There are 2 protein chains.
Amino acid sequence: MQFTDVEERGRTRGRATITDVAALSGTSIKTVSRVFNDEPFVRPATRKRVLDAAAQLDYHPNMAARSLVRGRSFLIGLFYENPSPNYVVDLQTGALDRLHDERFQLLLFPCESAANMSGRLLGIARASGLEGLILAPPLGDDAATVEELTQARFPFVRIAPTTAPTASPAVGIDDIAAAREMTRHLLDLGHRRIAFVQGDPNHPSNTQRLAGFREALAERRIVHDEALLDGGLYTFESGVAAGRRIFAAATRPTAVFAANDDMAAGVLLAAKERGLDVPGQVSIAGFDDSLISRVVWPQLTTICQPTYEMAKQATGVLLARIERREFTAETRLAHRLLIRASTAPARN
Amino acid sequence: MQFTDVEERGRTRGRATITDVAALSGTSIKTVSRVFNDEPFVRPATRKRVLDAAAQLDYHPNMAARSLVRGRSFLIGLFYENPSPNYVVDLQTGALDRLHDERFQLLLFPCESAANMSGRLLGIARASGLEGLILAPPLGDDAATVEELTQARFPFVRIAPTTAPTASPAVGIDDIAAAREMTRHLLDLGHRRIAFVQGDPNHPSNTQRLAGFREALAERRIVHDEALLDGGLYTFESGVAAGRRIFAAATRPTAVFAANDDMAAGVLLAAKERGLDVPGQVSIAGFDDSLISRVVWPQLTTICQPTYEMAKQATGVLLARIERREFTAETRLAHRLLIRASTAPARN
DNA sequence: AAAAGCATAGACAGCGTTGTCATAACAAGC
DNA sequence: GCTTGTTATGACAACGCTGTCTATGCTTTT
C-alpha cells in the first residue's frame with residue numbers, strides 16, 4: 001500500500017520555523033532565538049508573545065540548524081562490549097539519567113570485540129560527529145585506543161578501567177581491594193581450597209580481580225594451587241563450562257570465586273547438575289551484584305559494584321570536560337561486600 | 001585543572017569541510033558532494049582525486065548540515081518501559097542491527113510508566129526531531145498514543161501490540177495462541193490445579209496471555225478456580241511475592257504458569273524458599289525465553305519469543321514507511337514452546 | 001562540418017539557526 | 001534639552017551541505 005499525496009510528518013519540512021514564530025509574534029527571528037536560548041535583554045511581555053506564538057505553531061527549534069551554526073553535535077557515544085545485559089542497561093540508564101536535562105543525546109555503539117576496535121574509535125567518533133566518548137570495560141583498557149584519543153585531544157572518559165592510571169579521566173572501583181575482601185570472606189569461613197574462575201583474559205578487570213584473590217591468599221600464607229584456576233569469558237555459559245570442569249576434578253574445592261556474577265551463576269548451575277548442595281558442600285561467590293545474583297537460588301554472595309552510579313558520574317565528568325574543559329582525574333567509587341546465601345563455613 | 005589554550009577536538013569546528021576537499025582535489029564542492037552521495041556523472045579519475053583528498057584531510061560529511069538542507073534528522077526513537085534488561089537489550093540490538101547500514105541513528109527513550117506518556121509522545125518526537133518511533137510493549141497498546149500518532153501521520157511501528165489490529169504497522173507474535181499451547185502442555189502433563197501469575201495489568205500482553213490460558217482450560221472443560229489467579233508486575237520481585245502467596249495457600253496448585261520468565265523465576269525462588277521440589281512437587285512455566293529462563297535451576301519451560309527478530313523487522317517496517325512510504329500491515333512472527341526442566345508430570 | 005545528445009562539472013541559492021554588529025528606546029545625569 | 005549609558009530589538013552574514021540550473025566538453029548522428 002502506498003500513501004498517495006498526503007505527506008508523512010516525521011520529516012522536518014512542514015514544521016514551523018523561527019521565522020514563522022517571529023512573524024506571528026511580531027518580532028524578529030533574533031528575538032525568538034533569544035527567548036529560546038534564555039538570553040538576557042528580552043522584555044517579559046515580548047517573551048510571552050514569543051512563547052505564545054511558538055506554542056500556537058507547535059514550534060520546536062531545529063536541532064540540525066542549531067548544531068550547524070554552533071559547530072556542535074551534542075552527541076555522545078557509549079561504547080561497550082559486554083555480555084551481560086544487566087550491566088549494559090545499568091550503564092545506559094546511568095548515562096541517560098545524567099544527560100537528561102542537558103541538551104546532549106546518547107548514541108549506542110555495541111562492539112563485537114574490543115580488540116578489533118583498537119585504533120578505530122577516533123575514526124568512528126569523527127564519522128558520527130560525536131563530541132565525546134564513554135568507554136565501558138574493556139574498551140577503556142585498550143592502550144592504543146587511549147593513546148589515540150589522548151593524542152587527538154578527543155574528550156573521553158573510561159568506566160572501571162584497570163590499566164595504570166594515565167592522566168585520562170576515569171570512574172571505577174578498586175577491583176583489587178574488592179576481590180581481596182571477597183577472598184578474605186571465604187578464608188574467614190574456613191575455606192582453603194578455593195577455585196577462581198577468571199573472566200575474559202582480554203578484560204583487564206579480570207587481571208585485577210585475580211590479583212586481589214592472590215593477594216588475600218598470600219596474606220594468609222596460603223600457597224595457591226594453580227590447578228584451581230579456571231578460565232571463562234564472563235558469560236553465563238562459560239561459567240557453566242568452568243563449573244563442570246572444576247567439579248569433575250579429583251579433589252573438589254570447597255569454594256569457588258568467579259570474577260563476575262554471570263559466571264558464578266553458571267558455576268552454581270554446574271553444581272546443581274552434579275547434585276552438589278550450595279552452600280552446604282561448596283560455596284560460590286560472584287562479583288558485580290547484577291540482577292542475576294539475586295535471581296538464582298541460593299542468592300549469590302557478591303561484590304556490589306555501583307554500575308549505574310559509575311556511568312552517571314562518568315557522564316558528568318565527560319560533560320564537564322566538553323562544556324567547561326574541566327579535567328577530572330580518576331575517581332574511585334566505593335564497593336561493598338554483599339554476603340548472601342551462597343557462601344557458608346567450610347566443613348570438611 | 002583547566003586546559004590552557006589548546007582546543008578540544010570533539011567539536012565540529014576545525015574539521016575539514018567540503019570546501020577544503022574541493023580545494024585540495026581541484027574540484028568544486030558540488031562534485032565532492034556527488035562523490036559522497038554516490039551520484040552519477042563523476043569520472044572515475046575525478047572520484048579518486050576527491051576520495052584521496054578526503055582521506056588526506058580526514059574529511060567526514062557534517063551530519064548537521066546534511067540534515068538541515070535535506071530537512072531530515074535521520075533519528076529514530078525507541079520507546080520502552082520494560083523491567084527486564086534482557087528484553088530491552090534484545091530490542092535495542094535488533095533495532096541497531098537493522099539500522100547499521102542505513103544512515104539512521106537510534107535514540108533511547110526509557111519511560112517511567114506508559115500511562116503518563118499517553119498523549120505526550122508526539123510532542124517528544126517533535127521536540128527531538130525524530131523521524132519515526134518504535135514503540136515497545138506496552139507503549140504500543142496505549143489507544144491515545146496510537147490515535148495521536150495516526151492522526152498526525154507520524155511514522156511509527158509497534159512491537160508485540162495486543163490491542164485490536166488497527167491499520168497501524170506492528171510486529172509481534174500471537175500471545176493468545178502461545179499461552180494456549182503452554183497451558184495445553186501443562187494439562188497434557190496431568191496438571192489440573194494450575195495457578196496463573198499475571199503480569200502488569202496495564203500491559204495488554206498480559207490480558208492476552210491470560211486469555212490463552214483460559215481458552216485452553218475451557219477446551220478441556222476445566223472450571224478455573226479464580227483463587228488460582230495471582231497478580232504481579234512482570235518483575236522478578238513481584239514473581240517472588242506472588243509465589244509466596246500461592247505456596248502459602250491451603251491447597252497448593254501442582255503447576256504455576258507465569259506471564260513472563262522474570263516472574264516465573266521469582267515463583268521458582270519462592271518454591272525453593274519453601275523447600276518445594278521443582279518440578280517434582282510443582283511445575284513452573286514462564287514466557288519469553290529471556291536469559292533468566294536459562295540461568296535458574298531447573299531451567300524454565302517457556303515460550304520462545306523472537307524479541308531480537310521482532311525489533312529488527314519492526315525497524316525495517318518503519319524504515320520502509322519513512323523512506324518509501326510503504327505501509328506494511330501487522331506481521332506475526334512464529335513462537336515456539338520450549339520444554340525444559342521446570343515442568344514434569346503431575347503426581348498426586 | 002554542423003547539429004544534436006549526453007556525460008561531466010561548477011555557480012549559486014537556500015535550509016533554520018546563532019553570532020556580530022548596528023540601532024532604537026528609554027532612563028539618568030548635567 | 002542634550003549627552004551618556006543601559007536595555008531591548010533587529011538586519012544580516014555565516015555555518016556546511018545539497019538541489020537546481022547552467023555551462024562545458026566529448027561523442028555520435030545527420
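Keep in mind the model is a prediction, meaning the values are calculated, not measured. Chain letters run A, B, ... following the sequence lines, proteins first and then strands; every chain starts at 1.
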Sequence neighbours excluded and cut-off under 3.5 Å, please list the side-chain donor-acceptor pairs for residues 108-118 of chain B, or say none.
residue, atom, partner, partner atom, Å
B:S113, OG, B:A115, N, 3.3
B:S113, OG, B:N116, N, 3.3
B:S118, OG, B:D142, OD1, 3.4
B:S118, OG, B:D142, OD2, 2.9

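Straight-line distance from the CZ atom of A:R70 to the C1' atom of C:dT18: 7 Å, rounded to whole Å. Per the geometry, CZ belonging to A:R66 stands 19 Å off P belonging to C:dC15, to the nearest Å. Counting to the nearest Å, the P atom of D:dG16 and the CZ atom of A:R72 are 15 Å from each other. Remark: P of C:dT23 and NZ of A:K30 are 17 Å apart, rounded to the nearest angstrom. B:H60 has its NE2 atom 12 Å from the P atom of D:dC17, to the nearest Å. Between B:L68 atom CG and C:dT17 atom P there is a gap of 9 Å when expressed in whole angstrom units. Rounded to whole Å, atom P of D:dC17 lies 18 Å from atom CE of A:M63. For B:I29 and C:dG10, the CD1 to C1' distance is 9 Å, given to the nearest whole Å.
From one end of the helix from C:dA1-D:dT30 to C:dC30-D:dG1 to the other, with five pairs defining each end axis, the axis direction shifts by 50° (rounded to 10°).
Within the structure, ring pair (Phe, Tyr, Trp, His ring centres under 6.0 Å) pairs that include any residue of residues 116-153 of chain B do not occur (at least two apart or interchain). A ring pair (Phe, Tyr, Trp, His ring centres under 6.0 Å) check over residues 116-150 of chain B, counting only residues at least two apart or in different chains, returns nothing. The stretch residues 87-98 of chain B participates, sequence neighbours left out, in these salt bridge (Lys or Arg N to Asp or Glu O under 4.0 Å) pairs: B:R98-B:E102.
The salt bridge (charged side-chain N to carboxylate O under 4.0 Å, His left out) check on B:R120 picks up nothing, with sequence neighbours excluded. By the salt bridge (charged side-chain N to carboxylate O under 4.0 Å, His left out) test, A:R43 pairs with no residue at all, sequence neighbours left out. Applying the ring pair (Phe, Tyr, Trp, His ring centres under 6.0 Å) test to A:Y80 and every residue at least two apart in sequence or in another chain returns nothing. With sequence neighbours excluded, the residues satisfying ring pair (Phe, Tyr, Trp, His ring centres under 6.0 Å) with A:Y59 are A:F36. In terms of the ring pair (Phe, Tyr, Trp, His ring centres under 6.0 Å) criterion, B:Y87 has no residue partners (sequence neighbours excluded).
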Quiz item: After noting the C-alpha distance and the side-chain angles of A:E323 and A:R72, does the key distance pass the salt bridge (Lys or Arg N to Asp or Glu O under 4.0 Å) rule?
Solution: CA-CA 11 Å; A:E323 297 279 46; A:R72 311 266 317 259; 3.2 Å; yes
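Of the residues in residues 31-50 of chain B, those lying under 4.0 Å from DNA chain C by heavy-atom distance are B:T31, B:R34, B:F41, B:V42, B:R43, B:T46. Applying a 4.0 Å cut-off to non-hydrogen atoms, none of the residues of residues 18-25 of chain B approaches DNA chain C.
The phosphate of C:dG16 has neither OP1 nor OP2 within less than 4.0 Å of any side-chain N or O from A:T17.
Side-chain N/O atoms of A:Q92 and B:Q92 include a donor and acceptor closer than 3.5 Å.
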